Amino acid sequence: MLAVMLAATLLLIALLSANAEYRLFMPGLLEGAVLTVEITLLGAVLAVFMALVAALAKLYGPLPIRWLSTTYIEIFRGTSALVQLFWLYFVLPQFGVFLDAFLVAVLALGLNIGAYGAEVVRGAILSVARGQWEASIALNMSKAQMLRRIILPQAFTAMIPPWGNLFIELVKSTSLVSLITLADLTFKAQQMNQTTLKTVPVFTLVLLIYLAISLTVTIVMRLLEQRASKGLTRGRAA
């Protein structure tokens with residue numbers, strides 16, 4: 001079903017692009033879409049890394065590390081992504097720290113989504129059956145071996161659906177980076193709309209491009225979930 005929706009969306013984009021009124025805007029919008037995808041991919045990598053580190057630190061770190069992890073999670077979950085973006089881009093220079101707009105976009109969105117992802121990772125780890133923990137202890141595994149070989153592979157399957165939602169949220173949040181002068185998809189659309197006043201064709205194409213990106217993310221996560229589930233089933237059978 002999702003593949004059909006994606007194919008239909010891409011076909012509709014192609015059909016609209018054949019129209020002279022729409023064709024005019026496609027090159028610029030596609031250029032902006034490339035930047036949107038780049039920010040999404042790099043932000044997703046940072047988010048997954050921070051989520052894993054923060055979740056494991058909160059669960060198993062010494063008390064100061066647990067406090068630090070909790071502080072990170074609560075600050076980035078409890079404040080607006082837009083405010084975080086502005087703080088990194090406009091406030092840090094007041095302290096002598098100047099960051100490139102692209103780097104700020106990746107950091108702000110990656111850290112924001114990573115904070116939500118940390119709770120997803122923590123919940124998935126805690127959802128692993130108690131018997132798996134006890135069996136690992138009985139095999140005299142260290143905590144690191146236990147997590148790497150037994151717990152995280154099983155928790156990974158439970159993490160995938162909520163991570164899919166978070167990645168979709170990340171795609172949508174990239175529209176905020178237009179406010180720090182990055183020429184992403186939203187920025188290009190606003191420029192074109194202000195210049196030509198062709199609101200309908202510009203934002204119709206933008207809507208469809210965002211939909212295509214989101215559907216692609218969803219399909220990839222569904223395939224990953226299916227593969228992980230099959231691997232887990234084979235592991236249990238063995």
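Below, each value reflects all heavy atoms present in this structure, side chains not excepted, and no hydrogens, waters or symmetry copies. Because the structure is a prediction, the values reported are computed rather than measured.
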Return the [atom1] to [atom2] distance between [X] and [Y], rounded to the nearest 0.5 Å.
X    : Y    : atom1 : atom2 : result
W87  : L92  : CH2   : CG    : 5.0 Å
R222 : L215 : CZ    : CG    : 10.0 Å
R122 : L59  : CZ    : CG    : 6.5 Å
L82  : L179 : CG    : CG    : 6.0 Å
M5   : T218 : CE    : OG1   : 9.0 Å
L176 : S178 : CG    : OG    : 7.0 Å

Take Y210 and T186 through the test side chain to side chain donor-acceptor pair (under 3.5 Å) and record every step on the way to the result. CA-CA 10 Å; Y210 271 119; T186 299; 2.7 Å; yes
Donor-acceptor contact present, side-chain [X] to main-chain [Y], <3.5 Å:
X    : Y    : value
Y89  : V104 : no
S69  : I65  : no
E119 : A115 : no
D184 : G32  : no

Measuring only between side-chain heavy atoms, which start at C-beta, is [X] closer than 4.5 Å to [Y]?
X    : Y    : result
V206 : F25  : no
F98  : P93  : yes
V177 : L109 : yes
L182 : L35  : yes
Q190 : V202 : no
V37  : L41  : yes
M50  : Y72  : yes
P64  : L68  : no

According to a hydrophobic-cluster definition based on side-chain heavy atoms being under 4.5 Å apart (Ile, Leu, Val, Met, Phe, Trp, Tyr only), do [X] and [Y] belong together?
X    : Y   : result
F187 : M26 : no
V220 : L6  : no
L208 : L11 : no
F49  : I75 : yes
L111 : V45 : no

[X] to [Y] - nearest heavy-atom pair and separation:
X    : Y    : value
V171 : I213 : CG1-CG2, 3.9 Å
K58  : T70  : CE-OG1, 3.8 Å
A212 : L10  : CB-CD2, 4.1 Å
V120 : P162 : CG1-CG, 3.6 Å
Y116 : F76  : CE1-O, 4.3 Å
V106 : L46  : O-CD2, 3.6 Å

A quick test of your reading: do over 12 heavy atoms of other residues, nucleotides or ligands sit less than 6.0 Å from OH of Y60? yes
Determine whether L166 and L170 satisfy the following criterion, side-chain contact (heavy atoms from CB on, under 4.5 Å), listing intermediate values before the conclusion. CA-CA 6 Å; L166 290 177; L170 176 58; over 6 Å; no
Does anything in residues 141-172 pair up under ring-ring contact (aromatic ring centres under 6.0 Å, His included), and if so which pairs, sequence neighbours excluded? W163-F167
All side chain to side chain contact (heavy atoms under 4.5 Å, CB included) counterparts of A8, not counting sequence neighbours: none
Decide side chain to side chain donor-acceptor pair (under 3.5 Å) for T79 and Q84; before the verdict, give the C-alpha distance in whole Å, the side-chain angles of both, and the deciding distance to 0.1 Å. CA-CA 7 Å; T79 58; Q84 294 160 21; 2.7 Å; yes
Before giving the answer on side-chain contact (heavy atoms from CB on, under 4.5 Å), spell out for N19 and R23 the whole-Å C-alpha distance, their side-chain angles and the decisive distance to 0.1 Å. CA-CA 6 Å; N19 183 294; R23 189 189 311 123; over 6 Å; no
Show your reasoning for whether side-chain contact (heavy atoms from CB on, under 4.5 Å) applies to L56 and I125. CA-CA 9 Å; L56 292 174; I125 290 173; 3.8 Å; yes
List in chain and number order the residues that pass salt bridge (charged side-chain N to carboxylate O under 4.0 Å, His left out) with R66, two or more places apart in sequence or in another chain; answer none if no residue qualifies. none
Quick one: do N193 and K198 satisfy side-chain contact (heavy atoms from CB on, under 4.5 Å)? Show the steps, please. CA-CA 6 Å; N193 183 52; K198 297 287 186 177; 5.8 Å; no
